[in-house]
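Residue numbers run from 1 in the order of the sequence given.
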Amino acid sequence: MTAKTPRIRRWPLGLPLVNAARRDPLGLAAQLRAYHGDIAPLKILSTHLFYLFRPEAARQVLVACKDDFVKDERVLRVFRSVHGKNVLTTEGDAWERQRRILAPAFTQKRIAACAGLMAAATDDGIRAELPSAPGESAVVDVDALTTRITMDVILRALFSWRTGRDEAAGVSRAIRGLTRQLMREFFWPLPPVSWLPFPGRADKQRNLATVRGLIRARIDERRRAPAGGAVPAADILALLLAGGGDDSSATSDSLSDDELLDNCVGLFGAGHDTSATALTWWIGLMAAHPQVAARARAEVRNLAPPDGGSAQGEGDLPLLNATLKEAMRLYPPSTATFSRRALRDVRIGEQLIRKNALVVIPIWSLHHDPRWFPEPAVFRPERFLPGAPALPRSAFMPFGIGPHFCLGQQFAMVEMAVIAARLLRHYDFALEPGAALPEPVVDLVLKPSQRLRVRFTRLGEQPPAT
């Protein structure tokens with residue numbers, strides 16, 4: 001491929017670029033890739049910005065040259081207005097210390113211990129939302145179903161807490177409201193100041209009180225538990241409290257009260273919304289591809305008894321896990337990484353990234369590039385089956401890469417596999433006649449532009465094939 005000098009489209013002050021990113025970030029990335037090639041250099045006011053469209057460039061920024069870039073402070077300030085200062089929204093020593101404290105909660109052993117509660121939460125959601133008698137069917141709002149189940153999973157994993165239907169609905173509405181507000185604030189010239197009036201301030205404060213109130217109540221309840229009382233040893237809060245601080249300060253191996261609350265808020269939000277989104281698209285894709293669903297169902301039914309809640313590895317359910325990965329390739333919950341700011345001049349390939357320039361890695365574009373994924377718009381789970389051709393490193397990165405990769409990656413994969421397996425075992429999924437999957441829209445995570453409604457039909461029990 002012949003190298004060419006990237007050109008900067010002459011948009012006045014770059015402001016139309018901001019509007020284009022707000023209206024259609026996925027379409028903008030596609031246009032930039034088509035116009036500029038693998039590196040798209042842009043300018044917004046005085047800020048230079050680069051979109052990087054090759055896996056090796058992404059790996060340079062996030063892995064090889066990780067110390068030369070930091071998350072953009074402006075974006076972090078917007079996120080901190082909801083999440084506080086947690087492992088997602090901090091950098092440097094504060095991030096490193098918090099991540100080290102949180103990491104033991106996501107070991108393979110801990111995740112395996114959560115598999116049973118994942119199965120129990122799924123079964124409770126199935127009983128509450130889906131038909132119970134063989135042959136019965138119902139058309140279901142898929143996003144509402146997956147949100148209910150994954151919210152129950154993360155609350156049980158974090159706090160051993162089972163939320164009620166009304167509480168879950170209220171918290172879900174609050175999260176949707178906060179998501180919409182954050183999307184607005186990302187495109188404002190300056191992040192809003194919390195104590196000054198701004199559009200959406202009252203709703204934001206009310207929704208924040210709902211979400212943070214739920215989390216704070218669980219922490220306070222645990223702190224008030226009598227010494228020597230029964231404490232759930234397996235949940236994440238117990239582990240964090242074992243090393244948590246009792247005041248506003250924190251030692252190198254403990255979380256302060258504020259950090260504990262902020263990280264529980266972050267884990268709650270990331271732990272259910274991204275998994276719910278991935279499962280929503282997965283259910284839609286399986287409904288649109290019944291032959292693939294039938295093969296995956298046979299794999300599930302041949303593996304374990306219906307009441308099993310163990311955390312099967314990818315080797316146990318290769319096709320099911322391949323369908324989940326292909327769903328996240330087509331519809332990655334996070335469509336781009338946090339923008340990174342260069343701390344010094346850095347050369348990425350043939351492009352010199354000057355100090356203070358921003359770089360963006362569009363995950364959506366990497367996942368839909370025909371150079372790495374032939375027929376990128378086609379649902380082909382075999383791309384991720386054992387023996388499939390190797391992908392370029394970092395061409396597939398739904399959870400990010402490098403030191404800042406998603407801490408709950410393995411938790412999410414086990415959670416999704418447990419939920420997907422139990423749904424597949426008991427139900428057939430089908431789109432209504434003439435229906436198609438909605439177009440995706442970026443709403444922090446990648447959501448359907450319209451409600452995705454799927455018909456769930458209860459199947460009879462079948463013995464495993466011999």
Side-chain angles (χ1 to χ4, degrees), residues 114-154 156 168 272-312 314 316-328 330-331 333 379 381 411-432 437 448 451-462 464:
C114 289
L117 63 85
M118 293 174 183
T122 304
D123 291 342
D124 287 348
I126 285 174
R127 281 191 292 270
E129 306 290 342
L130 299 178
S132 58
E136 286 186 345
S137 69
V139 177
V140 174
D141 180 338
V142 178
D143 190 57
L145 172 68
T146 59
T147 297
R148 165 82 185 268
I149 293 174
T150 56
M151 185 181 295
D152 199 5
V153 166
I154 194 61
R156 295 190 195 197
H272 89 273
D273 203 22
T274 53
S275 295
T277 298
L279 283 167
T280 293
W281 290 113
W282 175 83
I283 289 172
L285 287 165
M286 298 300 268
H289 298 84
Q291 293 181 333
V292 176
R295 288 166 48 211
R297 182 176 298 111
E299 179 184 70
V300 169
R301 286 186 160 184
N302 288 339
L303 178 64
D307 58 351
S310 60
Q312 286 91 13
E314 292 188 19
D316 299 316
L317 295 170
L319 179 57
L320 178 68
N321 280 280
T323 63
L324 289 166
K325 289 180 178 179
E326 178 69 348
M328 288 190 290
L330 281 166
Y331 301 101
F379 180 61
F411 182 97
M413 287 303 301
V414 172
E415 174 190 21
M416 290 189 292
V418 168
I419 295 170
R422 297 180 92 75
L423 289 173
L424 263 183
R425 180 186 292 280
H426 297 297
Y427 292 92
D428 176 64
F429 318 143
L431 297 175
E432 292 292 86
L437 294 185
R451 287 188 178 182
L452 173 56
R453 300 180 67 82
V454 168
R455 181 172 294 278
F456 283 71
T457 302
R458 181 80 185 201
L459 302 172
E461 296 300 330
Q462 296 180 9

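- Using a 4.5 Å heavy-atom threshold, the side chains of I149 and E129 count as separate.
- Side-chain contact between M328 and M413: present, with at least one pair of heavy atoms (C-beta onward) separated by less than 4.5 Å.
- Between L279 and L145 the shortest side-chain heavy-atom distance does not fall below 4.5 Å.
- Residue A420 comes nearest to L324 through the heavy atom pair CB-CD2, 4.3 Å, listed as atom of the first residue, atom of the second, then distance.
- Tested against T146, the residues D141, T280, D273 include a single side-chain hydrogen bond (donor to acceptor under 3.5 Å, both in side chains) partner, T280.
- Nearest approach of R301 to G460, heavy atoms of both residues: NH2-O, 3.0 Å.
- Checked against side chain to side chain contact (heavy atoms under 4.5 Å, CB included), T274 has the following partners two or more places apart in sequence or in another chain: P333, V445.
- A side-chain donor-acceptor contact under 3.5 Å links E299 to the backbone of L320.
- Every residue meeting the side chain to side chain contact (heavy atoms under 4.5 Å, CB included) condition with A430, not counting sequence neighbours, appears here in chain and number order: D428.
- Among all heavy-atom pairs drawn from A278 and M416, the shortest one is CB-SD, 3.5 Å.
- Residues forming a side-chain hydrogen bond (donor to acceptor under 3.5 Å, both in side chains) with Y427 (at least two apart in sequence, or on another chain): R458.
- Rounding to the nearest 0.5 angstrom, the gap separating the CG atom in D316 from the CG atom in N302 is 12.5 Å.
- A donor-acceptor pair under 3.5 Å is formed between the side chain of R425 and the backbone N or O of V300.
- Partners of F411 according to the ring pair (Phe, Tyr, Trp, His ring centres under 6.0 Å) rule, which considers only residues two or more places apart in sequence or in another chain, do not exist here.
- You'll find the side chain of D143 stays beyond 4.5 Å of the side chain of L452, heavy atoms only.
- With sequence neighbours excluded, no residue satisfies salt bridge (charged side-chain N to carboxylate O under 4.0 Å, His left out) with E136.
- A search for salt bridge (charged side-chain N to carboxylate O under 4.0 Å, His left out) contacts involving E415 returns nothing, not counting sequence neighbours.
- Under the salt bridge (charged side-chain N to carboxylate O under 4.0 Å, His left out) criterion, D124 pairs with R127, R156, R162, sequence neighbours left out.
- In this structure, the side-chain hydrogen bond (donor to acceptor under 3.5 Å, both in side chains) partners of T277, at least two apart in sequence or on a different chain, are K447.
- Interatomic distance, L424 CG to I419 CD1, rounded to the nearest 0.5 Å: 12.5 Å.
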Inset, instruction - Quick one: do H289 and T323 satisfy side chain to side chain contact (heavy atoms under 4.5 Å, CB included)? Show the steps, please. - result: CA-CA 11 Å; H289 298 84; T323 63; over 6 Å; no
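- When the side-chain hydrogen bond (donor to acceptor under 3.5 Å, both in side chains) test is applied to T122, no partner is found at least two apart in sequence or on another chain.
- To the nearest 0.5 Å, the span separating CH2 on W282 from CG on L423 amounts to 6.0 Å.
- Remark: A287 pairs with F429, L431, V454 by the side chain to side chain contact (heavy atoms under 4.5 Å, CB included) rule, at least two apart or across chains.
- Looking at residues two or more places apart in sequence or on another chain, you find no side-chain hydrogen bond (donor to acceptor under 3.5 Å, both in side chains) involving T457.
- Within the model, atoms CG of L117 and CD1 of I154 stand 9.5 Å from one another, a figure rounded to the nearest 0.5 Å.
- Between A121 and V153, the shortest heavy-atom distance links the atoms CB-CG2, 3.6 Å.
- Between L459 and H426 the shortest side-chain heavy-atom distance does not fall below 4.5 Å.
- Contact detail for W281 and P448: the closest heavy-atom pair is CZ2-N, 3.4 Å.
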